[in-house]
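Accompanying notes for the structure given below.
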Amino acid sequence: MQEFLNHLQNEVDKLHAARTYKVEVALQGPQDHEVTVDGHPVVMLTSNNYLGLANHPRVRGAAVAAIEQWGAGMGSVRFICGTQLLHKELEKLISEFYETDDTILYSSCWSANEAVFATLTGGYDAIVSDELNHASIIDGIRLSKAERYVYKHNNMGDLESKLAQARQEGARFILVISDGVFSMEGELAPLADIVDICERYEAVLIVDDSHATGILGPRGRGTAEELGLWGKVPIHTGTLGKAMGSAMGGYVTGPKPVVEMLRQRSRPYLFSNSLPPAVVGAAIEAFKMVMEDPSRTHKVQENARYFRQRMTRSGFRIPHGIHPIVPVIVGDTALALAMGKDLLERGVYVSGFGYPVVPQGHARLRAQISAAHSQEELDRAVEAFVEVAHAHHVL
Ligand SMILES: Cc1ncc(COP(=O)(O)O)c(C=O)c1O
């Protein structure tokens, strides 16, 4: 035993030495556009609370009301006795949102991505995946017996050649999977080309729209709507942990046989507890709010535009885009982490990311903008960025 613990401690020590040990900052209150850290108010610029619903009175109220009416927990998986009318209501609402046949809930989008590939494919099939897809997709694909093909990030020539290879090698069915929005860049997948290529190779497209649902498109329906491809993506996976209330939970939405098969066979659904009523109630309210009134979606889009423009005009290197994920590239990992620390001291909470999360030399601070931010908060954040960048000779 001691030898085992020594080995683990050794590994942890290496993380400290490499300065990649992750420290958790405990918030002294709810998640919001401004939070309290170490007794000080700071502008929150690193949360997935894109629509500002995490602490919204309607969403909080719905969570409390759900506990009052439906209790605190289920004590069961869905198919034994863990399904309430509430779960059915949320699944129906998400299907209405996407205009799909049906939806199945999971305890996270991680679980949804873990479920989808192993359940829907077998040894004769192929899965073709973007190299920068989310870790849950990578792990989910590993659980499938299908042949794996990984194409270069957003490279349509490579996608096509991998599809041709899969067809030539006799794949029965081919699934193509891409993030709708890539979370380190705030960059959209070229869905028009992906849809076209999938049609030509008779491949089934799945898009994980975790960073786009509620955020992109005129009605917040995500990447496909943003790019004028509404109805062209047959299967979506998504999360309830980001824009749509920010609590937790995930889903797969699409054609009836897909969802039916997942309900019958997917292991994270069959062998893991169903979502608690408070979480389901909060998500129902979040979907209703976005469907009733897209103004929060428009606000996060407008705030992202404003922040991107101000940062670019201040001289920062921001990759071109529209998404509220705004990467500020500074190059060196230690520099990104040091700047993050200084920004926190100046009242702005933003995370630094370096190698191996992003390629060597592309370390960055990743700002995430919310509909709940005021223009004054965004201005304050830009000013803090400028001050810290000058102090570190980045500007
Ligand atoms: C693209 C993508 N898919 C899936 C997930 C996992 O979502 P969840 O927190 O619901 O497990 C994330 C979260 O970071 C994500 O960015």
Side-chain angles (χ1 to χ4, degrees), residues 22 24 31 46-51 53-54 87 90-91 94 98 103-118 127 129-143 150 153-154 175-191 194 205-216 222-224 226 233 235-254 262 266-269 272-276 278-280 282-283 286-287 300 321 323-327 351 353 357-358 364 366-370:
K22 291 174 189 61
E24 294 175 0
Q31 182 66 270
T46 194
S47 161
N48 297 310
N49 180 22
Y50 293 110
L51 296 182
L53 299 182
H87 297 89
L90 178 56
E91 287 174 340
I94 297 174
Y98 283 96
T103 298
I104 175 170
L105 293 173
Y106 287 89
S107 55
S108 63
C109 186
W110 183 284
S111 289
N113 286 337
E114 210 172 68
V116 107
F117 304 102
I127 301 168
S129 172
D130 187 293
E131 66 181 341
L132 290 193
N133 275 339
H134 189 258
S136 54
I137 295 173
I138 295 169
D139 282 17
I141 293 172
R142 284 189 185 133
L143 295 173
V150 177
H153 175 53
N154 276 353
L175 264 52
V176 171
I177 171 78
S178 176
D179 282 7
V181 172
F182 292 87
S183 63
M184 278 300 136
E185 306 287 340
E187 170 199 30
L188 277 58
L191 273 193
I194 297 178
L205 176 60
I206 306 180
V207 169
D208 175 343
D209 235 7
S210 289
H211 284 280
T213 315
I215 302 161
L216 295 184
T223 314
E226 175 69 38
V233 175
I235 303 169
H236 277 97
T237 65
T239 183
L240 307 174
K242 302 191 194 296
M244 308 312 284
S246 306
M248 66 181 303
Y251 54 87
V252 180
T253 190
L262 290 167
S266 64
R267 293 164 73 82
Y269 187 78
S272 185
N273 240 22
S274 65
L275 284 171
V279 165
V280 181
F287 269 93
V300 71
H323 196 271
I325 292 173
V326 186
S351 299
F353 293 93
V357 179
V358 294
R364 65 201 55 196
R366 184 183 67 169
Q368 288 174 279
I369 306 303
S370 169

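In each ligand, atom 1 is the first atom listed, and ligand 1 is the first ligand listed. Start at 1 with the first residue, then count along the sequence.
Using a distance-only test at 3.5 Å, with no hydrogens or angles considered, a donor-acceptor pair links the side chain of S108 to the main chain of W110. Listed for the T239 side chain is no donor-acceptor partner under 3.5 Å among the backbone atoms of G250. Checked by atom type and distance alone, the side chain of N133 pairs as donor or acceptor with a backbone atom of D179 at under 3.5 Å. Side-chain atoms of D130 come within 3.5 Å of backbone N or O of N154 as a donor-acceptor pair. Using modelled atom types, one side-chain atom of S47 and one backbone atom of N49 make a donor-acceptor pair closer than 3.5 Å. Distance alone, capped at 3.5 Å, is enough to place a donor-acceptor pair between the D209 side chain and the T223 backbone.
Contacts between S108 and ligand 1 below 4.0 angstrom, taking non-hydrogen atoms only, involve backbone and side chain alike. The proximity of S210 to ligand 1, defined as any non-hydrogen pair under 4.0 Å, is limited to the side chain.
If you check which protein heavy atom lies closest to atom 11 (O) of ligand 1, you get W110 N, 3.0 Å. Residue, atom and distance of the protein heavy atom nearest to atom 1 (C) of ligand 1 are D208 OD2, 3.4 Å. Of the protein's non-hydrogen atoms, K242 NZ, 2.8 Å is the one closest to atom 13 (C) of ligand 1.
Residue contacts with ligand 1: T239 is placed with a nitrogen or oxygen under 3.5 Å of a nitrogen or oxygen of the ligand (distance criterion only). The shortest N or O to N or O distance between C109 and ligand 1 is under 3.5 Å.
In this structure, R366 does not pair ionically with E185, as no charged nitrogen and carboxylate oxygen lie closer than 4.0 Å.
For H323 and F182, the distance between ring centers is not under 6.0 angstrom.
Within the structure, the closest approach of G241 to ligand 1 does not fall below 4.0 Å when heavy atoms are considered. Between M248 and ligand 1 there is no heavy-atom distance shorter than 4.0 Å. Using a 4.0 Å cutoff on heavy atoms, S111 does not count as a contact of ligand 1.
Ring planes of Y98 and H236: tilted class, angle from 30 to 60°.
Here atom 2 (C) of ligand 1 lies nearest to H134 when heavy atoms of M184, H134, H211 are compared.
Under a 4.0 Å criterion applied to the non-hydrogen atoms of G249, ligand 1 contributes the atoms 10 (O). Ligand 1 places these atoms under 4.0 Å from at least one heavy atom of D179: 1 (C).
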